[in-house]
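The structure appears below as structure tokens.
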Amino acid sequence: MSYSLMIHGGAGALEDLKYEASEAEFKASVTAILEQGRQRLEAGAAALDVVEYCVNLLEDNPLYNAGKGAVLNENGQVEMDAALMEGKELKAGAIACIKNIKNPISLARLVLEQSSHVMLVAEGAMEFAKFCNVEPYPDDYFITESRIKQLKEAQAAGVMMLDHEKIKPAQKLGTVGAVARDSHGNLAAATSTGGLVNKRWGRVGDTPVIGAGVFADNETCAVSATGYGEQFLRTVLSKTISDFVYFKGMDAAAAAEAGIEYLVAKVNGDGGVIVIDKSGRCAAAQSTSGLIHGWIEAGGEAHCKLG
Ligand code: ASP
């Protein structure tokens with residue numbers, strides 16, 4: 001049985017990518033991460049391990065809005081959300097509103113493996129990290145010059161915004177995510193974010209909410225979302241996409257399109273999704289002009305698209 005892998009680095013307006021880096025830099029990083037994920041899948045690694053690994057690489061790269069280089073909230077702080085899920089037993093782990101954790105997705109994995117809960121937040125999640133011997137990183141590891149500049153611009157314009165977009169009512173998102181189907185046919189999904197630029201402290205978006213920003217079920221598909229979290233929460237978008245597969249028999253492409261149509265029709269939503277279905281087919285759809293993403297379908301060539 002062949003494997004498939006998809007990753008994303010957020011949705012937004014493509015013309016604004018130069019804000020952080022050139023298109024070539026985004027393409028090079030997406031392709032390199034896919035190839036590293038491929039090595040693991042080829043060696044027989046589990047989908048859950050591979051999505052965690054790929055999201056770790058995205059979190060460590062300051063180009064993206066997760067981990068190092070995450071966007072800043074209204075107080076100039078990094079507060080992060082992350083979640084992951086596997087499709088065999090529907091096990092999931094999530095953390096929200098955490099600070100000083102280098103790899104939030106790995107803390108979510110620890111919640112899945114070592115707690116009897118699905119989601120831990122804020123101080124309780126930090127206490128759990130300590131209990132698991134996860135070493136805290138200093139604030140200056142996460143905060144980059146370009147994020148300080150971006151926050152100042154958002155505050156001057158009086159807006160709260162997504163990562164990859166202009167100062168205008170529609171803005172940019174740089175959340176990261178991965179979905180995979182391993183050679184045993186198991187699906188998994190993971191999503192990690194710093195949230196929205198200039199968000200209120202204590203705000204939690206869709207990313208760590210199972211069914212909103214992430215979902216996986218071996219009988220349907222694995223989904224990772226990026227966009228205005230409030231809109232994805234209100235439409236429970238990742239589970240809605242899974243339901244299109246479950247109840248309507250759609251494949252990844254049809255379900256991803258139908259999901260984005262639903263997001264736009266119901267809440268005029270901005271964002272995108274990556275989806276791998278139970279047969280290993282890969283698809284992406286978005287309502288923003290850009291969605292940084294890449295995929296390897298059925299063990300084939302790696303592809304990368306920014307639009
Ligand atoms: N969905 C994320 C949030 O609202 C933002 C993003 O995708 O960039 O927190």
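Order of appearance sets the numbers: ligands from 1, and atoms from 1 within every ligand. The basis for the numbers below is simple: all heavy atoms, side chains too, and nothing from hydrogens, waters or symmetry mates. Every value quoted in this text rests on a predicted model; they were computed, and no experiment measured them.
A donor atom on one side chain and an acceptor atom on the other are found under 3.5 Å apart for Glu59 and Ser192.
Considering backbone and side-chain N/O of Asp206, one or more are found under 3.5 Å from N/O of ligand 1. Looking at Thr226 next to ligand 1, an N or O pair under 3.5 Å apart turns up. Checking only distances, Gly229 does come within under 3.5 Å of ligand 1, N or O to N or O. Considering backbone and side-chain N/O of Glu230, none are found under 3.5 Å from N/O of ligand 1. Between Gly205 and ligand 1, not a single N/O pair is under 3.5 Å apart.
When each atom of ligand 1 is checked for a heavy atom of Thr207 under 4.0 Å away, the hits are 1 (N), 2 (C).
Distance alone, capped at 3.5 Å, is enough to place a donor-acceptor pair between the Glu79 side chain and the Gly202 backbone.
Under a 4.0 Å N-O distance rule, the pair Lys91/Glu86 does not qualify as a salt bridge.
At a heavy-atom distance under 4.0 Å, no atom of Asp81 approaches ligand 1. Residue contacts with ligand 1 for Arg203 involve side-chain atoms from C-beta outward but no N, CA, C or O (heavy atoms, distance under 4.0 Å).
In this structure, Arg181 is not positioned above the aromatic face of Tyr3 in the sense of NZ or CZ being under 6.0 Å from the six-membered ring centre and within 45° of the axis.
Under the 4.5 Å side-chain criterion, counting only non-hydrogen atoms from C-beta, Thr240 is in contact with Tyr262.
Pairing each heavy atom of Ala125 with each of Ile95, the nearest pair is CB-CG2, 4.3 Å.
Taking a 4.0 Å cut-off on heavy atoms, Gly227 registers as neighbouring ligand 1.
Using a 30° and 60° split on the angle between ring planes, Tyr64 and Phe26 fall in the perpendicular class, above 60°.
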